[in-house]
Amino acid sequence: MDYRDIYNDWLSNPYFDDDTKAELEAIKSDEKEVEDRFYKELEFGTAGLRGVIGAGTNRMNIYTVRKATQGLANYIIKMHGQDRGVAIAYDSRHMSPEFADEAALCLNANGIKAYVFDALRPTPELSFAVRELKCIAGINVTASHNPAEYNGYKVYWEDGAQITPPHDVGIMDAVSALHDYNKLKTMKKEDAVAEGLYISIGQEIDDKYIGELKKQVKNPEIIKAVQKDIKIVYTPLHGTGNVPVRRVLKELGFENVYVVEEQEKPDGAFPTVGYPNPESAKAFELAVKLGDEVGADLLLATDPDADRLGVYIKGSKPGTYHILTGNMSGCLIAEYEISQLKEKGELPKDGALIKSIVSTNLANDIAKYYGIDLIEVLTGFKYIGEKMLEFETKNTGTYVFGFEESYGCLIGTHARDKDAIVATMALCEAAAYYKTKGMSLWDKMKEMYERYGYWRDGVESIELKGKEGIEKIQKTLEKLREETPQSIDDYKVLSVRDYQNDTVTDMETGAVTTTGLPKSNVIYFDLSEEAWVCIRPSGTEPKLKFYYGVKGHDFDDADEKVKKLGDYMVDMINKML
């Protein structure tokens, strides 16, 4: 059937409810909208589902969630894991509670227990709950930092990390094998509760999760010494971070924590920001205002599912703040955590710092300085989680710290996904520690640049929506493969890593080796002067993304170089589209 036939089936099929049909009836004369909603199934990718909320096969709704869950249930049964149950959490977005229940009741109808949080919870706590309850899998209903019209569905496996091979492929195949919505299972909630299949969880898991975070504190006595002197402004951006962040900071003793009142309460419309991304300057406007009023040392913002942390730190001039990129905050936290382990004689000899391939090479220098391994993985924190599991099962290393440039990191092994709650805690502890040394966090950042070099990194994206956009993204990457540039900006291309074809090509000798990583539609250019560029499609949005980094002689030199390289890349990609 073509998209119009499928649209008509949804209108006439008694399986679909009246609200769905009314929504579809309202767009019957908008051919482009009908096509966009029905020209394909909402793709269940390696991270699960993510899309605009609405009726249609290419939208997030109870039916596409039910289909994804039926596929997951079929795979769990195939793996003989149905007796272990599935943990389910959700964030503050529109339809998140409804989608969480839809997933639970589909699992229940397949004889699988669902442990459902009684209210919204952050992503890292879901990861923790999967491990704590010894579940076979986990589901988190969230679209992270996407705009308000989106929602999503992330799937985790028994180790607490998002699904990786072979489970991601197995689940994707199980979902794609389902064609008839009429055959998807569900049941009434009251029946599921009565049969002991739908189980509500909450406070007990909260307490254990916060307890694990507090174990990661390196210098509790330092916090007590300056707890009255550190001023912290925090905003949850209408998401899940408010309760756990305030709780852990209070229990550690921080006394001056100011929460942005206008952004405190959960709200799926995100009325004060629209785009609830801690990378966005607009998301920090109210925090900056409050920070100026109270004289804050640092401003912190977590995204709606509280796995990513945005950071502003006080500048040397009154009323000024330095904006930290995810690379900067990740490396600042890494430096603190690793240095304290070293100082206390607790740094493992086989310790490893893990980062994604698109993250700053400043991390490489930190790892080298402290004598630990630096390991690169594909973009997506699940690959860091996969490496942690490998360490545990094969005894091949010890996890020390992991981060991505996209504002996410993990301290400890209590979870296997980014954790902005523990990152907030660690950064506040670091601020207290350096304060006792007569330093601000920015002073420490400057010291790191002086020690390791003036690294600057950037990321740009070009939005390409719809079917045509997807085709343009693919054609651009194929063109780069077919016509490899000899130079990019003022830099010579030294080697090309093509992760799709698993090749690393030395541009001077022509020698070809393998990447050593799973296949992914990513191209990475190693450039002269330690610069680099990486291009890939976004895994969560209709965008072509490109990342880049340089190393300068000082701040001004690095800033000039990174801006020039970024402008060059935007121009180069636009000409190819």
Side-chain angles (χ1 to χ4, degrees), residues 13-20 48-49 53 60-123 125-142 151-158 160 171 174-175 178 180-209 240 243 266 268:
N13 193 328
Y15 182 80
F16 300 104
D17 63 39
D18 291 340
D19 288 342
T20 296
L49 298 173
I53 299 167
M60 281 291 297
N61 52 66
I62 60 171
Y63 303 107
T64 51
V65 166
R66 189 181 296 169
K67 179 183 175 183
T69 309
Q70 184 64 59
L72 174 62
N74 291 347
Y75 183 76
I76 287 171
I77 292 168
K78 179 181 177 181
M79 300 299 291
H80 307 291
Q82 61 267 35
D83 295 333
R84 295 173 56 188
V86 176
I88 301 177
Y90 58 90
D91 69 5
S92 59
R93 287 180 175 274
H94 296 314
M95 296 297 293
S96 282
E98 291 86 349
F99 291 160
D101 268 1
E102 193 61 52
L105 296 173
C106 180
L107 290 167
N108 297 159
N110 284 275
I112 301 170
K113 287 183 179 180
Y115 298 91
V116 187
F117 275 104
D118 56 10
L120 73 173
R121 291 299 194 284
T123 283
E125 188 171 353
L126 181 276
S127 175
F128 171 79
V130 170
R131 296 171 58 78
E132 178 66 24
L133 297 170
K134 296 179 172 55
C135 293
I136 186 63
I139 296 169
N140 195 24
V141 179
T142 175
N151 211 327
Y153 175 107
K154 296 179 182 177
V155 179
Y156 293 73
W157 202 239
E158 60 184 334
I171 295 168
V175 174
L178 300 170
D180 188 350
Y181 280 86
N182 295 277
K183 295 181 179 179
L184 306 180
K185 297 180 181 180
T186 189
M187 66 187 299
K188 292 181 179 180
K189 186 173 180 177
E190 55 267 32
D191 293 339
V193 172
E195 293 179 30
L197 291 167
Y198 186 108
I199 302 165
S200 181
I201 58 174
Q203 186 66 46
E204 184 179 354
I205 298 296
D206 295 343
D207 293 344
K208 289 180 178 181
Y209 169 66
T240 61
V243 172

Where is the tightest heavy-atom contact between [X] and [Y], given as atom of each residue plus distance?
{"X": "K185", "Y": "Q70", "value": "N-OE1, 3.1 Å"}
{"X": "R66", "Y": "C106", "value": "O-SG, 3.7 Å"}
{"X": "F117", "Y": "G202", "value": "CD2-CA, 4.2 Å"}
{"X": "K189", "Y": "L105", "value": "CA-CD2, 3.6 Å"}
{"X": "L49", "Y": "A68", "value": "CD1-CB, 3.7 Å"}
{"X": "M60", "Y": "N151", "value": "CG-O, 3.3 Å"}

N182, CG: over 12 other non-hydrogen atoms inside 6.0 angstrom
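Counting neighbours around CG of N182, more than 12 heavy atoms of other residues, nucleotides or ligands fall under 6.0 Å, so yes.
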Atom CD of residue position E190 - does it have more than 12 heavy atoms of other residues, nucleotides or ligands inside 6.0 Å?
yes
Run M187 and L197 through side-chain contact (heavy atoms from CB on, under 4.5 Å) and show every step you take.
CA-CA 11 Å; M187 66 187 299; L197 291 167; 4.3 Å; yes
State, yes or no, whether a side-chain contact exists between [X] and [Y] at a heavy-atom distance under 4.5 Å.
{"X": "T64", "Y": "Y181", "result": "yes"}
{"X": "R121", "Y": "D206", "result": "yes"}
{"X": "L126", "Y": "K154", "result": "no"}
{"X": "I76", "Y": "I112", "result": "yes"}
{"X": "W157", "Y": "I171", "result": "yes"}

Result block: side-chain N/O donor-acceptor pairs under 3.5 angstrom for residues 129-137, not counting sequence neighbours:
unit_1, atom_1, unit_2, atom_2, d
R131, NH1, D159, O, 2.9
E132, OE2, K208, NZ, 3.0

Is there a donor-acceptor contact under 3.5 Å linking the side chains of [X] and [Y]?
{"X": "Y153", "Y": "T69", "value": "yes"}
{"X": "Y90", "Y": "D101", "value": "no"}
{"X": "S96", "Y": "D91", "value": "yes"}

Spacing of [X] atom [atom1] and [Y] atom [atom2] [to the nearest 0.5 Å]:
{"X": "D17", "Y": "I62", "atom1": "CG", "atom2": "CD1", "value": "5.0 Å"}
{"X": "N110", "Y": "T186", "atom1": "CG", "atom2": "OG1", "value": "9.5 Å"}
{"X": "L120", "Y": "T240", "atom1": "CG", "atom2": "OG1", "value": "6.0 Å"}
{"X": "L107", "Y": "E102", "atom1": "CG", "atom2": "CD", "value": "10.5 Å"}
{"X": "I88", "Y": "Y198", "atom1": "CD1", "atom2": "OH", "value": "7.5 Å"}

side-chain contact (heavy atoms from CB on, under 4.5 Å) between N74 and L178: does it pass, once the steps are laid out?
CA-CA 10 Å; N74 291 347; L178 300 170; 3.9 Å; yes
Begin from the C-alpha positions of I139 and F99 and carry the test side-chain contact (heavy atoms from CB on, under 4.5 Å) through to its verdict.
CA-CA 10 Å; I139 296 169; F99 291 160; over 6 Å; no
Using 30° and 60° as the class limits, which term best fits the ring planes of Y63 and Y15: parallel, tilted or perpendicular?
tilted
